[in-house]
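Since this is a predicted model, take the numbers as computed values, not measurements. These numbers come from the heavy atoms of this one structure, side chains and all, not from hydrogens, waters or symmetry mates. Numbering of ligands and ligand atoms starts at 1, following listing order.
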Amino acid sequence: VSLETEVLDDVEGRVDDLIELTAALIALDTTARDVHDPPRDEAPLQELLADRLREAGARIDLWEPRPDDVAGHRMTPAGLGFEGRPQLVAHLPGAGGGKSLLLNGHIDVVSSEPRERWTSDPNAAEIRHGRLYGRGACDMKGGVAAIVVAVDALSSVGARLRGDLTVCTVTDEESTGCGALAALAHGVRADASIVTEPSTLDAWVACRGALIATVTVLGRPGHAGMHHADWRDGGAVNAIDKALVIVDALRRLESEWRSREDYGHRLLPGPDIVATGISAGEWTVSYPASCRLTFHIAYVPGQADDDGWGSEVMADVTRCVDDTAAGDTWLAEHPPTIQWAPEVPPAEVDERERIVRTAVAAGQRVGRPSRPTGFHSWYDGATFTKLGSIPSIGFGPGSLDVAHTVDEFVPIDDLVDCAKALALSAIRFCGTSET
Ligand SMILES: [Zn+2]
């Protein structure tokens with residue numbers, strides 16, 4: 001019996017454990033945070049994973065990053081620390097002479113609200129019709145459990161990998177990406193990585209970058225029941241009306257971007273500028289004094305600056321707002337201001353990279369129609385690819401269609417296929433003493 005067949009059979013014998021481990025991870029509350037939120041169950045969850053991986057023979061490094069490890073980076077919000085939020089690395093040294101592989105997952109999940117709309121408790125996993133339901137089932141505690149079970153299977157069949165195998169689980173993917181950033185700062189490296197996000201076992205080879213802009217538009221308060229003189233004669237100005245001028249202008253910028261051939265991408269949608277927030281109004285019978293707009297901007301790798309970040313996209317948006325303001329008498333004299341939140345970069349790996357071919361072939365070997373695809377949003381793989389020079393792909397169980405939703409689930413078959421494909425990928429990518 002070949003090593004590959006042996007390891008596939010071994011995973012098959014671990015299905016109950018895979019389900020129980022996913023459920024145990026879901027039971028721990030690791031809801032994503034705002035910068036100053038207190039820790040939740042991040043430490044117990046990482047300790048649970050550390051115990052499991054130690055049993056499988058890994059050397060464990062569980063550490064709390066210092067704020068300085070990530071401070072001042074363009075991805076990092078001011079004041080971010082990691083107290084009570086350890087990061088985990090489990091290291092399985094290879095025999096030598098092979099390529100090293102990193103298996104990564106994030107342990108934070110988005111909020112379960114509105115909880116009352118869930119069919120079952122989001123933190124008490126339930127199986128219905130071959131699917132395991134719960135917050136984080138597919139995004140991505142199922143993927144993390146699949147990593148652990150793949151490592152267990154490799155260890156139990158005695159696979160002697162040539163290259164190092166490293167498992168790394170991080171916090172803060174859903175909020176800032178600073179967990180993976182801290183892992184890189186800690187020295188995590190490999191020849192390639194697989195992030196087990198819910199890709200339905202396709203291989204994400206590209207993702208978009210994202211920026212968040214907050215635009216503040218001024219008005220001039222006045223009685224809403226009165227007709228007002230021209231603003232130059234002291235009349236009131238409605239900040240909401242002026243904000244809508246900016247919304248229209250950014251919509252035009254978005255369609256301009258989308259019409260550009262050099263911003264087209266084979267695997268990704270065109271750029272988006274989505275208005276995600278608006279707040280204005282001091283009193284129901286007053287013209288609002290100001291209006292604050294928030295925009296989420298997703299952009300393609302072709303829009304990135306020479307360093308791979310969003311400075312040119314920011315410049316485009318700023319120019320658009322400035323030009324629009326210049327064409328409006330009030331806004332020309334009361335120009336809107338733009339504030340930028342920390343950003344995340346786009347990333348792309350060549351489809352011919354060995355990790356892409358390895359994972360796709362492993363997916364197909366376990367009966368899936370795996371192929372290279374693009375991920376519309378952003379994930380930690382971009383950090384490893386761009387900042388760690390580790391070619392990374394998203395490849396994991398479940399579908400993005402149900403990530404972040406009420407009644408999130410992961411098909412149990414996906415969990416099993418993922419654990420199998422990961423074990424095969426490790427054997428094929430790292431090599432074994434038999435090969
Ligand atoms: Zn995710």
Quick one: side chains of residues 48-59, donor-acceptor pairs under 3.5 Å with protein atoms, not counting sequence neighbours, listed by atom name and distance.
residue	atom	partner	partner atom	Å
D51	OD1	R54	NH1	2.9
R52	NH1	D17	OD1	3.0
R52	NH2	D17	OD2	2.7
R52	NH2	D152	OD2	2.6

Cut-off 3.5 Å, no hydrogens considered: what does the side-chain donor-acceptor table look like for residues 76-84, sequence neighbours left out?
residue	atom	partner	partner atom	Å
T76	OG1	V70	O	2.6

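The residues D202 and R368 are annotated as not salt-bridged, no charged nitrogen and carboxylate oxygen being separated by less than 4.0 angstrom.
No donor-acceptor distance shorter than 3.5 angstrom exists from the side chain of E408 to the backbone of A403, with no hydrogens or angles considered. A donor-acceptor contact shorter than 3.5 Å links the side chain of Q87 to the backbone of R85.
Remark: H73 engages no residue in a side-chain hydrogen bond (donor to acceptor under 3.5 Å, both in side chains) (not counting sequence neighbours).
Within the protein, the number of N/O/S atoms found under 2.8 Å from the Zn ion (ligand 1) is 4.
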